[in-house]
Number of protein chains: 2
Amino acid sequence: MSTPRFKKDKEIIVEYESQVKEIRAQLVEQQKCLDQQTEMRVQLLQDLQDFFRKKAEIEMEYSRNLEKLAERFMAKTRSTKDHQQYKKDQNLLSPVNCWYLLLNQVRRESKDHATLSDIYLNNVIMRFMQISEDSTRLLKKSKEIAFQLQEDLMKVLNELYTVMKTYHMYHSESINAESKLKEAEKQEEKQIGRGDPVFSIRMEDKYQRRSSVKKIEKMKEKRQAKYSENKLKSIKARNEYLLTLEATNSSVFKYYIHDLPDLIDCCDLGYHASLNRALRTYLSAEYNLETSRHEGLDIIENAVDSLDPRSDRQRFMEMYPTAFCPPTKFEFQSHMGDEVCQISVQQPVNGELILRFQQLQSRLATLKIENEEVKKTSEATLTTIQDMVTIEDYDVSECFHHSRSTESVKSTVSETYLSKPSIAKRRANQQETEQFYFMKFREFLDGSNLISKLQAKHDLLKRTLGDGHRADYMTTRHPNGLFKTLTGTRRARPRSVFNVRLFNGNLESFIKPWTTELTHSTSGTHSEACWGGLCCLPSLFSSISPALNRVSPHAARVLFCLSLIRL
Amino acid sequence: MSTPRFKKDKEIIVEYESQVKEIRAQLVEQQKCLDQQTEMRVQLLQDLQDFFRKKAEIEMEYSRNLEKLAERFMAKTRSTKDHQQYKKDQNLLSPVNCWYLLLNQVRRESKDHATLSDIYLNNVIMRFMQISEDSTRLLKKSKEIAFQLQEDLMKVLNELYTVMKTYHMYHSESINAESKLKEAEKQEEKQIGRGDPVFSIRMEDKYQRRSSVKKIEKMKEKRQAKYSENKLKSIKARNEYLLTLEATNSSVFKYYIHDLPDLIDCCDLGYHASLNRALRTYLSAEYNLETSRHEGLDIIENAVDSLDPRSDRQRFMEMYPTAFCPPTKFEFQSHMGDEVCQISVQQPVNGELILRFQQLQSRLATLKIENEEVKKTSEATLTTIQDMVTIEDYDVSECFHHSRSTESVKSTVSETYLSKPSIAKRRANQQETEQFYFMKFREFLDGSNLISKLQAKHDLLKRTLGDGHRADYMTTRHPNGLFKTLTGTRRARPRSVFNVRLFNGNLESFIKPWTTELTHSTSGTHSEACWGGLCCLPSLFSSISPALNRVSPHAARVLFCLSLIRL
């Protein structure tokens, strides 16, 4: 380890001092780094506070705007008839229900964003403030310890310096003593060599020489003792230097490898954990806002699922009973006490009636075949329209895809609702089909109206001329089932829809004359005529409604009418 | 069915006319209702358009504010050293990473709300506009059909009126004819009765009477014929009346029970389905915004999970290599060619050294026991602080509970981050504990520094005096394991953290002299001294790092050092 080259005190000291100077500079630098780290933290925490303060403002403004928006339309609707109705029985037309829920959702969002703003201001920002305080305080305390450790380290380095200098001193002295001893030994050798083989020596000379030898020997002994003493001192000093060197290196190692990281940890004490909690508070608020928002959207989605033209039509007709209640049945008015109130089948009328009946029968057969064709075309057209209006073109997911880059996503949005020419084409096509449907539907109505009249006459004649035939009352086939539900993937309607008594039950009295005859009829084949019964006997109906939820509207009518007939 | 009371033409006609008048009024009312329904729809659709137009504005303003907020802080950070670093190697201090992700999230939200606004304006509103157009057009077409149906119905009622009047006429005539016939029959009876038991009759009288009887008979016959004719006409008229009555009732029934609902359905054609799609577009946009927002929050949550004081400390020390690189080891500087560079153990130094070694040994034993106690207290205090700073107090769910009522939810918010006195108490407690920890830690450092120095000397002496003892170099126990990770439920750190070469690998050259001796040592018990090795030999370390992810930091050091020793 030691170089073969001799190093003098000065050289070694200069090297050592420069090494220590470097370390001292590092220690100063370390203090600065700790300061700087905390400064950066305090700055980051200040930025976070400013950020959340500003975001709280934005959220509050957003909240207020949403509240204003909801309030504006709420105020408008509160005065409407619908709203009065809503307050009374919560029974709204399904689109109006959606509209109310939309407004509710905006109010919910408004509240949630206000809550978010409040949590930012009164919780999140407070936490950042406290973390900032903590960081500053911990820095101060950590620096105190760092200062102490550095002082200790400098003491160790000074000690090494002292020990090293002592070693130098004693080693120098030891070298000096050694060289002096060597000089004395040389002198002694010289003296001994001079009186060696020469016999012509005078007495005085002999005496003089002996005292000189003794002197030299004494000096040598003295120098030997001095050398030994210095040599031991030098050895001890070197040993001390070596031990102190070991201790110093250990201290420096410990300081750099263990104590410095520990000091940094002292500065960090709880910083990450507290930051974690502050950010988790923010995340908790955001996630909860999201959950609330999602709940609200689910409520709207349910309402959208329940958009139902059939129950809305019922509600609509109930809203205007004077317009939609069927009039009382026209009764036969006996003229001037005419006692006959039924078809007379006496001769010669009988033959005519039979002929007429046969004509009606064949006419009806032809008409029905013709009208069935029209009905089929009409239904097929309706299905086409149904397919057109239930096309699933509402997914806008692709507008929300985020690329990692910062480029705007706006460009894709305008393409989502298909291109405008395509929409125009689609709409033109839809209107054309609609036009055709109306034409066919009108044709069908004309046909079915004629059939209805002729069928009524036919049935009456059949009953009158009846030869054991069961009475067939009102066999007019109606194009029911033509209006299938147009909403997309609609779920089974809740039972309550059926339980609503049309016209508050008043329809019963109106419709009774129309249906009593029906109940007299014992045939189950003409069940479709009792559409009105669906409304007039809700209590009866509700008893079979669970079964109806699983069957088609048409089957429901049949089921219901069969239940009527069983009475 | 017929009342016993006689009804005259006029009475019947008045009743009938009033009944028809009522129906006619209803028909007018029905048209009005259809108008009104469509008016309501158009109004609703207008409200929806206004609503979404206003909401689009609000969303756009919100988006712009968020963008401004993000931009403001982005601009600020872009110029910082961190950001330069970020762009270079994406290796950030974990809190700074959270901060950047927070800003990214705001930008994401900004973009998403802009997209939302765009979808409202260019898709949702457009749909409502089209539904409104459709409703108006369908109303027009439906009303045309309604008008036609009502005309037809009126024709049917007029026909019944005509047929009824014909019946009245023929029935009246029949009654007249009957009464005239009866009159004739009475006259005949009178005539016959007059010439019954009386014989004194003159010839002229006889002739006269015969011609009179003949005349009466003729009249009677004539009246009989007239009556029969009128009776038949009356029967036919009544039959026609009954048949037409049946047909009329059938038509009225059909109109009210089938055709009117069908007409309403015509007005509804596609209304619910299109509304469904428009609202689903809104829902799709909102749900997608939510998903995007959630993704962003998850990214932040991941970053919060990764808040890690240990890897941050490493990053921090790497940032300032000049301050934290350990200095070169102090080497023994041989003085003036001193050839001995090790402890001299010759007599008489030997005895002293042995004595000193023994003293060091016993002193160290005492010091270590004392310091172990301090360490335990210090560790326990740190654990307490750790528990304090990782308390899970960040759940703000209760602020977002919505009651059905409209009352504000704000009142609950201020209670969430606990009450302020409670926080103050908690913080005071925390700071007190912190104070105590720093005191204990300082005490521990003082002790361990002394131990470090004495141990170095002890070990050197042991090696020097060694009688077959294995060399124990640098056994200084360091309080490693004291700084456990303070973040709450931290997940296993990703391997990459370990793979970063501290000081870009330059530390290797600095630390080598400190570790070469370590590798010469064959004892595995002093492995903790090689903290530096953790940094200086990353390639070696990475080979065992998968195993380290599953063990404690302390165990990791031991594992690593064992692997070093195996070299």
Report summary line: Output for pair (B/S172 OG, A/D338 CG), nearest 0.5 Å, gives 10.5 Å

Report summary line: From the list A/Q346, A/Q342, A/Q19, the residue making the most non-hydrogen contacts under 4.5 Å with chain B is A/Q19

Query raised in the report: Could you state the interatomic distance from OG1 (A/T328) to CG (B/N249), rounded to the nearest 0.5 Å?
Result: 9.0 Å

Query - Closest-packed option against chain B by number of heavy-atom pairs under 4.5 Å, given A/L69, A/I145, A/N65 - result: A/L69

Query raised in the report: Who wins among B/K55, B/E22, B/R427 for the most heavy-atom pairs under 4.5 Å with chain A?
Result: B/R427

**Report entry** Any side-chain heavy-atom pair of B/V252 and A/P327 under 4.5 Å
**Finding:** yes

Query raised in the report: Is it the side chain or the backbone of B/F316 that comes within 4.5 Å of chain A heavy atoms, both, or neither?
Result: side chain

Report task. Take A/V389 and B/Y271 through the side-chain contact (heavy atoms from CB on, under 4.5 Å) test and state the conclusion after the steps. Result -> CA-CA 8 Å; A/V389 295; B/Y271 172 69; over 6 Å; no

Query raised in the report: Taking B/L353, B/L44, B/V106, B/D47 one by one, which has the highest count of heavy-atom pairs under 4.5 Å against chain A?
Result: B/D47

Query raised in the report: Between atom CZ of A/F400 and atom CD1 of B/I119, what is the distance when rounded to the nearest 0.5 Å?
Result: 4.0 Å

**Report entry** Top of B/S274, B/S292, B/P95 for chain A proximity - count of heavy-atom pairs under 4.5 angstrom
**Finding:** B/P95

Query raised in the report: Which atoms of A/F51 come close to chain B, meaning under 4.5 Å heavy atom to heavy atom: side chain ones, backbone ones, both, or neither?
Result: both

Report summary line: Heaviest contributor of heavy-atom pairs below 4.5 Å to chain B, chosen from A/S284, A/S94, A/S251, is A/S284

**Report entry** Best-contacting candidate, A/T281, A/N239, A/I58, A/D9, against chain B by heavy atom pairs under 4.5 angstrom
**Finding:** A/N239

Query raised in the report: A/K254 and B/S452: which non-hydrogen atoms are nearest, and at how many Å?
Result: CD-CB, 3.6 Å

Report summary line: Note: B/T390 and A/A273 closest approach over all heavy atoms is CG2-CB, 4.0 Å

Query raised in the report: Does any heavy atom of chain B fall under 4.5 Å from the side chain of A/Q431, the backbone, both, or neither of them?
Result: both

Query - Check: B/H272/A/D312 side-chain N/O donor and acceptor closer than 3.5 Å - result: yes

Query raised in the report: Parallel, tilted or perpendicular for A/F330 and B/Y16, by the 30°/60° rule?
Result: tilted

Query raised in the report: What do the steps show when you test B/Q455 against A/S250 for side chain to side chain donor-acceptor pair (under 3.5 Å), and what is the final call?
Result: CA-CA 9 Å; B/Q455 187 78 42; A/S250 178; over 6 Å; no

Query raised in the report: Checking B/I175 against chain A: side chain, backbone, both or neither under 4.5 Å from a heavy atom?
Result: side chain

Report task. Please tell me if the side chains of B/L245 and A/L460 come closer than 4.5 Å, counting only heavy atoms from C-beta onward. Result -> no

Query raised in the report: Between B/Y241 and A/F332, what is the ring plane arrangement, given parallel below 30°, perpendicular above 60°, and tilted in between?
Result: tilted

Requested in this report: Measure the CD-OG1 distance between B/E29 and A/T322 for me, rounded to the nearest 0.5 Å.
Outcome: 4.5 Å

Query - Distance (rounded to the nearest 0.5 Å) between B/Y167 OH and A/Q333 CD - result: 9.5 Å

Query raised in the report: Is any side-chain N of the basic residue among B/R313 and A/D268 closer than 4.0 Å to the acidic one's carboxylate O?
Result: no

Requested in this report: Heavy atoms only, distances under 4.5 angstrom: which of B/E286, B/K54, B/Q30 has the most pairs with chain A? Name it, please.
Outcome: B/E286

**Report entry** chain B contact via A/V156 - side chain, backbone, both or neither, heavy atoms under 4.5 Å
**Finding:** side chain

**Report entry** Interface residue of largest heavy-atom contact number with chain A, from B/L66, B/T291, B/D152, under 4.5 Å
**Finding:** B/L66

Report task. Please round to the nearest 0.5 Å and tell me the distance separating atom CG of A/L297 and atom CG of B/L283. Result -> 6.0 Å

Query raised in the report: Which pair of non-hydrogen atoms, one from B/P326 and one from A/I257, has the smallest distance, and what is that distance?
Result: CG-CD1, 3.7 Å

Query raised in the report: Which one, A/L289, A/V349, A/L461, leads in non-hydrogen pairs under 4.5 Å with chain B?
Result: A/L289

Query raised in the report: Just wondering, do B/N123 and A/Y394 contact through their side chains at under 4.5 Å, heavy atoms?
Result: no

Query raised in the report: A/I23 versus chain B, heavy atoms under 4.5 Å apart: side chain, backbone, both or neither?
Result: side chain

Query raised in the report: Which pair of non-hydrogen atoms, one from A/H294 and one from B/Y287, has the smallest distance, and what is that distance?
Result: CE1-CE2, 3.5 Å

Query raised in the report: For the residue pair A/H335 and B/H171, does the interplanar ring angle fall in the parallel (under 30°), tilted (30 to 60°) or perpendicular (over 60°) class?
Result: perpendicular

Query raised in the report: How close do B/L242 and A/I343 get, heavy atom to heavy atom, and via which atoms?
Result: CD1-N, 3.3 Å

Requested in this report: Sort A/L160 into side chain, backbone, both or neither according to what part of it lies under 4.5 angstrom from a heavy atom of chain B.
Outcome: side chain

Report task. Check each atom of B/C98 against the heavy atoms of chain A and say whether the ones under 4.5 Å are side chain, backbone, both or neither. Result -> side chain

Requested in this report: Decide yes or no for B/M336 and A/H168: does some side-chain heavy atom of the first lie under 4.5 Å from some side-chain heavy atom of the second?
Outcome: no

Query raised in the report: Which atoms of A/K141 come close to chain B, meaning under 4.5 Å heavy atom to heavy atom: side chain ones, backbone ones, both, or neither?
Result: both

Query raised in the report: Given a strict heavy-atom distance threshold of 4.5 Å, which part of A/L48 is in contact with chain B: side chain, backbone, both, or neither?
Result: both

Query raised in the report: Less than 4.0 Å between a side-chain N and a carboxylate O, is that true for A/K453 and B/E246?
Result: no

Requested in this report: For B/L279 and A/W99, run side-chain contact (heavy atoms from CB on, under 4.5 Å): C-alpha distance rounded to whole Å, both residues' side-chain angles, the deciding distance at 0.1 Å, then the answer.
Outcome: CA-CA 10 Å; B/L279 290 170; A/W99 169 231; over 6 Å; no

Report summary line: Highest number of heavy-atom pairs under 4.5 Å with chain A among B/K32, B/E61, B/E290 belongs to B/E290

**Report entry** 4.5 Å side-chain heavy-atom contact, B/N449 and A/L149
**Finding:** yes

